[in-house]
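Below is one structure; the comments refer to it alone.
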There are 2 protein chains.
Amino acid sequence: MGTSLKPANTDFPATPRPDPIPDPNHADCRGVASVLSRVGDKWSVFVIMMLSDGPKRFNELKRMINGISQRMLTLTLRGLERDGLVTRTIFPTIPPRVDYELTDLGRGLQEPVKALGEWAIKHQQQIAAARTRFDARNET
Amino acid sequence: MGTSLKPANTDFPATPRPDPIPDPNHADCRGVASVLSRVGDKWSVFVIMMLSDGPKRFNELKRMINGISQRMLTLTLRGLERDGLVTRTIFPTIPPRVDYELTDLGRGLQEPVKALGEWAIKHQQQIAAARTRFDARNET
DNA sequence: CTGCATCCCTTTCGATACTG
DNA sequence: CAGTATCGAAAGGGATGCAG
């Protein structure tokens with residue numbers, strides 16, 4: 001086969017592949033890694049945050065998260081749905097309407113993620129400064 | 001800066017407002033995203049965890065984080081150093097020795113990351129179950 | 001409106017070989 | 001021991017077109 005996209009490869013953004021296995025002694029590492037991957041997926045985090053205050057429709061989310069492509073939003077939502085973090089409700093109206101809403105699990109995830117976000121906001125200046133310093137030192 | 005974000009009350013893009021329309025160009029969003037990307041980088045998190053209990057040498061880390069390639073460890077450490085999260089200390093001995101150690105900033109980051117890790121451990125069963133259910137429903 | 005499929009470019013990452 | 005250099009494979013991700 002050439003290079004066409006295999007259907008099986010339509011896996012979701014943050015789904016780990018055959019697992020790099022960080023430390024065999026801690027089986028938990030893989031579970032942790034898969035969750036961290038999802039958080040590290042920029043779009044997943046934004047979607048979760050956007051759903052904080054209730055269910056949203058597909059295009060509503062797309063408009064709120066400026067810069068996300070339709071494809072990425074679809075994939076992100078499928079990944080979140082797969083992990084049981086959001087629910088997908090179809091209203092068979094015309095035109096069709098689909099609502100996405102956080103599950104209890106998803107709402108629980110919000111808390112540690114928010115803590116991380118607050119840390120990020122609080123220290124982004126320090127980090128930016130460190131980067132500038134590092135880059136300056138490494139460019140002369 | 002955006003028009004109305006107050007440092008004290010600074011929440012994530014999704015504050016519980018009826019019609020938010022978050023500013024995607026908001027500086028905070030980009031800063032947060034860049035920090036989240038680093039956390040999402042699986043290796044970075046593991047390295048930070050490995051450095052919890054004091055400085056470590058390059059190959060020491062490599063052995064502890066089973067599965068990481070030399071290249072990735074180098075790149076990860078460079079990224080962390082650049083962001084001011086770890087320090088790199090060279091001992092000009094023969095053979096050479098390089099120690100990596102968390103900075104205060106890095107140690108601060110550990111806390112929200114650990115919270116996330118604990119959430120992950122606590123809920124990985126639920127997530128795994130949700131995935132299985134989703135996959136089963138989507139394969140028949 | 002929602003969302004899948006396709007094309008195609010970019011980034012990431014592992015493996016390998018080589019240097020101080 | 002602690003890197004750097006290079007290459008090829010794979011995944012990420014945008015743009016577009018089509019379908020339900």
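Below, chain A is the first sequence line, B the second, and so on; all start at residue 1. For clarity, every value in this text was computed on a predicted model and none was experimentally measured.
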Identify which nucleotide among dC4(C), dT6(C), dT4(D) has an atom closest to any side-chain atom of R71(A), counting heavy atoms from C-beta outward.
dT6(C)
Is there a path from I94(B) to V98(B) through hydrophobic residues (I, L, V, M, F, W, Y) whose side chains come within less than 4.5 Å of each other?
no
I68(A) CD1 to dG12(D) C1', straight-line distance once rounded to whole Å
13 Å
Just so I know, are the side chains of L116(A) and V45(A) near enough to count as touching, which here means a heavy-atom distance under 4.5 Å?
no
Touch check for F91(A), heavy atoms < 4.0 angstrom, all strands: base, sugar-phosphate only, or nothing?
nothing
ILVMFWY network linking L105(B) to F134(A), side-chain heavy atoms under 4.5 angstrom
no
Whole-Å distance between dA11(D) P and D41(A) CG?
16 Å
Could you go step by step and tell me if D99(B) and K56(B) meet the salt bridge (charged side-chain N to carboxylate O under 4.0 Å, His left out) rule?
CA-CA 5 Å; D99(B) 272 13; K56(B) 296 271 178 298; over 6 Å; no
Tell me whether the OP1 or OP2 atom of dC1(D) has a side-chain N or O from Y100(B) closer than 4.0 Å.
no
Hey, does the side chain of R97(A) reach the backbone of R57(A) with a donor-acceptor pair shorter than 3.5 angstrom?
no
Hydrogens and angles aside, do T89(B) and E101(B) bring a side-chain donor and acceptor to less than 3.5 Å of each other?
no
Compare the minimum distances between each of dG3(C), dG13(D), dG14(C) and the side chain of M72(B), then state the nucleotide with the smallest one.
dG14(C)
Could you check how far CD of Q70(B) sits from P of dC18(C), rounded to whole Å?
14 Å
dG3(C), dG3(D), dA2(D): which one has an atom nearest the side-chain heavy atoms of R57(B)?
dA2(D)
Compare the minimum distances between each of dG20(C), dG3(C), dG20(D) and the side chain of P96(A), then state the nucleotide with the smallest one.
dG20(D)
What is the distance, to the nearest angstrom, from the CG atom on L77(A) to the P atom on dT2(C)?
11 Å
If the helix axis at each end comes from five base pairs, how far does the helix from dC1(C)-dG20(D) to dG20(C)-dC1(D) deviate from straight, to 10°?
40°
Protein-nucleotide distance (N66(A), atom CG; dG14(D), atom C1'), rounded to Å:
14 Å
Rounded to the Å, how far apart are R88(A) CZ and dC4(C) C1'?
11 Å
R137(B) CZ to T132(B) OG1 distance, which is reported to the nearest 0.5 Å:
11.5 Å
